[in-house]
There are 2 protein chains.
Amino acid sequence: MSSRTAPGPRERLLDAAQKLTYSHGVGVGVDTLLKAANVARRSLYEHFDGKDGLIAEVLRRSTAEDEARYEETMRAAGDDPRERLLAIFDKLGEIIAEPDFRGCRYLAADLALADPDHPGHAVTRDYRKRVHRLIEHELVALGHRKPARAAEQLLLLIDGTLAAGATRPGTDPAASARELAEHILDAAG
Amino acid sequence: MSSRTAPGPRERLLDAAQKLTYSHGVGVGVDTLLKAANVARRSLYEHFDGKDGLIAEVLRRSTAEDEARYEETMRAAGDDPRERLLAIFDKLGEIIAEPDFRGCRYLAADLALADPDHPGHAVTRDYRKRVHRLIEHELVALGHRKPARAAEQLLLLIDGTLAAGATRPGTDPAASARELAEHILDAAG
DNA sequence: AAAGAGATAGAACGTTCGGTCTACCCGGAC
DNA sequence: GTCCGGGTAGACCGAACGTTCTATCTCTTT
């Protein structure tokens with residue numbers, strides 16, 4: 001009951017799957033996941049009703065964490081919407097610099113899950129909508145003349161930063177994107 | 001000997017693999033590829049020494065085609081480097097609009113091939129270098145003050161356009177990117 | 001002490017994976 | 001005609017896949 005309890009099989013499995021589906025892709029075998037989590041085979045099917053359910057739940061958890069990270073990043077940047085939005089790109093720079101960065105988890109999942117009916121797709125779609133809302137809200141607060149268009153452009157910069165961060169070592173895509181983002185925000189009117 | 005000869009097993013297999021590794025990801029099974037190409041199992045190993053070799057060759061072929069498409073797009077845009085570069089984003093708009101567009105093949109491959117030693121990675125790395133060179137060359141011809149930085153930014157816009165095109169239906173990332181690209185080029189000095 | 005829920009270990013299922021192998025077939029060169 | 005290289009067809013291999021199953025163990029609750 002206390003918050004200091006050792007994590008149960010469900011949590012261990014989620015933790016391991018979150019780590020491994022990122023580093024090795026959603027194609028990792030269930031044996032690998034079970035072994036890494038030290039969890040019985042059966043628990044996977046009790047808690048998540050199979051691998052697809054586990055993947056969907058991992059994505060749900062990740063999106064919640066990442067959305068919270070967006071909010072925390074903006075919160076730490078103060079009250080000015082402009083600073084709050086630019087802080088996102090500084091944060092992206094940190095994320096990309098992490099040694100085990102492997103690109104955007106959600107894009108990778110969408111590209112890897114060939115079945116368009118896989119429950120994971122709905123999760124990533126929702127996540128993108130929430131981030132979109134988050135950013136558009138700031139643009140409205142900033143008084144931007146075209147918040148919808150500007151939001152699309154900022155999201156494109158984020159996508160591009162994560163893609164370039166994964167595939168163009170030695171470059172600093174976050175800095176490049178930030179510069180372009182400044183221009184978008186300066187056109188606020 | 002004539003150019004009108006029916007394509008041999010090697011070509012059929014490459015054609016099928018090029019199509020299927022894009023629509024279904026590089027995780028497609030060998031059986032699926034052989035069936036689609038109407039090719040004997042053995043021919044795969046004779047010509048490509050296994051699935052990995054086939055994938056690498058498919059990527060090589062695709063990069064050659066895509067690089068040629070960049071050059072053709074710029075050639076068709078005339079002599080002005082600015083127009084030639086902006087034409088890329090118009091072309092991207094067309095590509096994204098195609099009904100079977102599924103994102104950037106090379107990013108998908110890099111994300112899906114967990115093994116960093118897979119021969120496919122070298123191919124995509126080379127391709128990105130060549131496109132980088134192509135774009136930087138135009139920026140130099142344009143007389144841009146910071147061709148290296150501007151090239152990185154344009155590449156980031158391309159990556160972002162392809163990513164957003166695959167994951168944000170209903171938006172027009174190519175148009176968003178083009179607008180930002182114009183700003184980059186206007187800062188040419 | 002007894003019971004029951006939840007976890008564990010692990011065998012086993014059928015399928016698919018990538019890869020190897022044998023056997024046959026066909027067309028052009030000798 | 002004979003040979004032979006390149007192709008096809010398909011059986012087969014061990015391994016891994018996701019899934020289901022039984023059996024045992026270990027807590028917590030009563």
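If you're wondering where the values come from, they're calculated on a predicted model, not measured in any experiment.
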Q: Within the 3.5 Å criterion, strictly below it, is a donor on A/Thr21 or A/Arg105 matched to an acceptor on the partner's side chain?
A: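 Yes.
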Q: Any chance CG of A/Asp80 has more than 12 other-residue heavy atoms, nucleotides or ligands included, within less than 6.0 Å?
A: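 Enclosed: over 12 neighbouring heavy atoms sit under 6.0 Å from CG of A/Asp80.
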Q: Using only modelled atom types and a 3.5 angstrom limit, is any donor from either the side chain of A/Arg41 or the base of D/dT19 paired with an acceptor on the other?
A: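 Result: at least one qualifying N/O pair found.
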Q: May I ask you to say whether B/Glu94 pairs ionically with B/Lys91, meaning some side-chain N is under 4.0 Å from a carboxylate O?
A: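 Between B/Lys91 and B/Glu94 there is a salt bridge, with a charged N closer than 4.0 Å to a carboxylate O.
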Q: To the nearest Å, how far apart are B/Glu46 CD and C/dG19 C1'?
A: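 These atoms are roughly 13 Å apart.
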Q: Could you tell me how far apart B/Arg42 (CZ) and D/dT8 (C1') are, to the nearest whole angstrom?
A: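 The distance from CZ of B/Arg42 to C1' of D/dT8 comes to 10 Å, rounded to the nearest Å.
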Q: Please give, in whole Å, the distance from C/dA7 P to A/Tyr45 OH?
A: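 Taking OH of A/Tyr45 and P of C/dA7, I get 16 Å after rounding.
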Q: Write down the distance between CG (B/Leu113) and P (C/dG18), rounded to a whole number of angstrom.
A: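 Taking atom P of C/dG18 as the reference, CG of B/Leu113 is at 12 Å.
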Q: Within residues 25-39 of chain A, which residues have any heavy atom lying less than 4.0 Å from an atom of DNA chain D?
A: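 Heavy-atom contacts with DNA chain D come from A/Val28, A/Gly29, A/Val30.
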Q: B/Leu44 has an atom CG; how far is it from atom P of C/dC21, in whole Å?
A: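 About 15 Å, once rounded to whole Å.
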Q: Taking all non-hydrogen atoms of both residues into account, name the closest pair between A/Ile184 and A/His144 and its distance.
A: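 Between these two residues, the closest heavy atoms are O-NE2, 3.1 Å.
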Q: Should the pair B/Asp186-B/Arg82 be classified as a salt bridge under the 4.0 Å nitrogen-to-oxygen rule?
A: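 Counted as a salt bridge, because a side-chain N and a carboxylate O are separated by less than 4.0 Å.
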Q: Whole angstroms only, please: what is the CD1-C1' distance between A/Ile55 and D/dC17?
A: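 Atom-to-atom, A/Ile55 to D/dC17, this comes out as 13 Å.
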Q: With a cut-off of less than 4.0 Å, is there a side-chain N or O of B/His47 near OP1 or OP2 of D/dG6?
A: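 No, B/His47 has no side-chain N/O under 4.0 Å of OP1/OP2 on D/dG6.
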Q: Would you call the rings of A/His183 and B/His183 parallel, tilted or perpendicular if under 30° counts as parallel and over 60° as perpendicular?
A: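 Rings of A/His183 and B/His183: parallel, as their planes differ by under 30°.
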Q: Using a heavy-atom cut-off of under 4.0 Å over every strand shown, decide if B/Gly8 touches base, sugar-phosphate, or nothing.
A: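 Contact class for B/Gly8: none.
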Q: What is the separation between atom NE2 on B/His118 and atom P on C/dG18, rounded to the nearest whole Å?
A: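 Value for this atom pair: 11 Å.
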Q: Mind calculating the distance between NZ (B/Lys51) and C1' (C/dT16) to the nearest angstrom?
A: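 Value for this atom pair: 12 Å.
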Q: Is the shortest distance from a Lys or Arg side-chain nitrogen in A/Glu136 or A/Arg133 to a carboxylate oxygen in the other one below 4.0 Å?
A: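 Looking at A/Glu136 and A/Arg133, the cut-off is not met.
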Q: Under 4.0 Å: is that the gap between some side-chain N or O of B/Ser43 and OP1 or OP2 of D/dT8?
A: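 Answer yes for this pair, as a side-chain N or O of B/Ser43 is under 4.0 Å from OP1 or OP2.
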Q: Give one of base, sugar-phosphate or nothing for B/Arg10, where a contact means two heavy atoms less than 4.0 Å apart.
A: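 Nothing, no heavy atom under 4.0 Å.
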